[in-house]
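Read the numbers this way: they start at 1 and go in the same order the structure lists the ligands and their atoms.
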Amino acid sequence: MHEVDLTVYPDECDPFGHLNQASFLALFERARWEVVGRGPGMNVFSRHGVWPAVRKTSIDYVASAFPGDVLRFQLVLTHRGRTSFIMRQTARRVADDALIATAEFVFVCIDREGKPVPVPEEIGRSFASDADTAVTRIAVHGVGLAVDDVGSGPPILFIHGFALDRTMWRHQVAGLAGWRRIAPDLRGAGQSDAPDLGYSMATYANDLAALLDALDIGQVVLCGLSMGGYVAFEFLRRWPERVAGLVLMDTRADADTAEGRKNRDALIAGTRERGPAAVVEALLPKLLAEDAPTRAPALVAEVRQMTERTPVAGIVGALQAMRDRPDSTALLTGVTVPALVLVGEEDRLTPPDVAREMARALPSAELEVVVGAGHVPPMEQPAVVTARLARFLEGLTVRPSDRPTV
Ligand code: MLT
């Protein structure tokens with residue numbers, strides 16, 4: 001992540017004093033060049049005989065900025081292909097930390113004749129943080145997924161929740177020795193590509209099956225949190241023979257109610273209008289344990305940033321996928337593998353009673369209620385969750401082969 005502070009001047013604003021949208025685009029551009037200047041140097045592209053042509057720009061203007069405001073621009077390289085790369089940028093007002101805008105820029109490197117040429121290695125290196133450079137990207141069904149693939153042993157696949165990304169599992173990915181820990185960003189989340197259309201539980205599950213194929217993995221333990229649980233159900237419905245164990249965290253098996261579907265539509269409209277800020281407002285106050293703002297402000301900030309980084313297309317797609325998901329209640333009784341149902345004691349979105357009901361319906365399930373956690377126990381009580389997972393996994397057998405083709 002790279003940061004640059006820029007001041008808004010009166011000549012960039014409209015007669016009402018709001019930062020003008022075209023001036024804002026110029027500030028995003030200025031912030032990128034500042035980073036280039038401080039890093040590899042402004043002549044980095046000409047040094048390599050390459051020019052980065054903008055192929056696509058999308059900006060969500062979330063709030064107004066005014067003359068004198070200092071905006072902090074953060075930049076992250078989210079994708080590096082052979083000839084193209086994608087940068088995501090956010091602008092926050094330094095005085096009150098308000099999110100003002102988010103943007104995504106797709107670049108194609110071209111030569112003097114306008115032909116696409118490979119992205120210079122130096123660009124990838126200088127824009128990427130340590131975490132970015134370590135990311136493996138795997139293309140499935142034409143969409144690049146960012147994935148952490150760590151360790152060796154029987155595989156466990158972590159599926160993140162809505163408007164979060166694979167980094168929510170970082171403690172478990174770091175801590176579960178003896179297992180191959182695979183944590184992808186679903187399409188439209190984190191550093192994965194975010195196509196404009198084509199989101200459903202089936203698409204997410206298909207992506208994951210193709211990802212496992214690409215990694216040459218047959219059976220896995222599936223571990224999904226909340227929306228990740230919905231994806232796990234869809235995977236289980238399609239490929240039960242690939243599932244060696246099931247971990248359902250802070251999720252539910254039933255479909256949305258009519259009222260729930262209406263709320264999804266309202267949030268879709270809000271997100272289209274105001275970007276990820278609409279989701280932060282609607283979800284963040286209920287996401288973590290009630291005392292999180294005072295006990296764990298850094299965690300609240302981390303979760304908020306995760307949501308703010310999520311592309312609008314990915315948020316809207318996920319909301320549509322959740323709204324239209326099928327009921328999976330009947331699936332529970334047919335699960336033949338061991339299951340762990342885990343829930344935060346203070347989960348206000350999928351409360352412990354929902355988890356108890358699922359555990360009762362599953363033929364062979366253990367239930368764990370995590371004290372001091374809300375809807376995201378892997379981040380709120382990481383050590384407890386990792387230890388509990390390790391205990392559950394101890395008893396499991398995972399077959400390495402028998403890989404069907406998707
Ligand atoms: C999630 O955390 O993934 C969401 O709360 C799930 C949902 O909205 O149903």
Side-chain angles (χ1 to χ4, degrees), residues 157-169 172 183-190 192 199-201 203-205 207-208 222-235 247-271 276 278-290 292 299-300 302-311 314-329 341-344 346-355 357-358 370 373-381 385:
L157 178 65
F158 291 103
I159 317 171
H160 62 77
F162 168 63
L164 300 175
D165 60 42
R166 69 184 199 287
T167 61
M168 64 150 284
W169 299 109
Q172 290 68 43
D185 285 331
L186 295 172
R187 62 168 63 204
S192 288
Y199 294 81
S200 67
M201 288 305 148
T203 320
Y204 290 133
D207 285 352
L208 295 182
L222 284 185
C223 176
L225 179 129
S226 198
M227 184 181 91
Y230 310 157
V231 179
F233 286 132
E234 196 57 40
F235 189 102
V247 185
L248 298 171
M249 291 195 188
D250 301 84
T251 191
R252 61 186 339 129
D254 46 359
D256 273 4
T257 59
E259 193 194 342
R261 283 198 289 274
K262 258 177 44 201
N263 292 340
R264 302 281 190 208
D265 286 336
L267 195 49
I268 288 170
T271 305
V279 178
V280 170
E281 234 169 67
L283 206 61
L284 193 58
K286 294 179 275 184
L287 202 64
L288 305 171
E290 217 153 330
L299 177 64
V300 178
E302 185 184 352
V303 171
R304 191 188 65 190
Q305 281 169 13
M306 230 187 266
T307 300
E308 285 176 353
R309 284 198 303 262
T310 309
I315 292 178
V316 168
L319 286 166
Q320 288 165 339
M322 291 194 288
R323 178 195 63 194
D324 300 337
R325 75 186 190 279
D327 191 314
S328 297
T329 318
V341 180
L342 184 145
V343 66
E346 298 173 48
D347 187 338
R348 287 167 279 175
L349 298 172
T350 47
D353 275 351
V354 175
E357 214 171 295
M358 278 195 303
V370 180
H375 191 58
V376 198
M379 297 183 80
E380 300 179 80
Q381 296 296 337
V385 171

Checking the N or O distance criterion of under 3.5 Å, is ligand 1 in contact with L287? no
Using the rule given for side chain to side chain contact (heavy atoms under 4.5 Å, CB included), can you reason through H160 versus M306, listing the C-alpha separation, both sets of side-chain angles and the distance that settles it, and then say yes or no? CA-CA 12 Å; H160 62 77; M306 230 187 266; over 6 Å; no
R252 and ligand 1 - part of the residue with a heavy-atom distance under 4.0 Å: neither
From E259, M322, Q320, residue fulfilling side-chain contact (heavy atoms from CB on, under 4.5 Å) relative to R264: M322
Is it true that R264 lies under 4.0 Å from ligand 1, counting heavy atoms only? yes
Flag yes if more than 12 heavy atoms outside E290 fall under 6.0 Å of its CD atom; otherwise flag no. no
May I ask you to test the F235-M201 pair for a side-chain heavy-atom distance under 4.5 Å? no
Give yes or no for whether the N/O distance cutoff of 3.5 Å, strictly under, is met between M322 and ligand 1. no
List every atom of ligand 1 that sits less than 4.0 Å from any heavy atom of F162, numbering the atoms from 1 in the order shown and giving each element. 1 (C), 2 (O), 3 (O), 4 (C)
How close does the nearest protein non-hydrogen atom get to atom 9 (O) of ligand 1, and which residue and atom is it? Y230 OH, 2.5 Å
Shortest reach to atom 4 (C) of ligand 1 by a heavy atom, considering only G224, S226, G161: S226
Just so I know, are the side chains of L208 and I159 near enough to count as touching, which here means a heavy-atom distance under 4.5 Å? yes
T307 and T310: side-chain donor and acceptor closer than 3.5 Å? no
Proximal atoms of ligand 1 relative to H375 (non-hydrogen, under 4.0 Å): 1 (C), 2 (O), 5 (O)
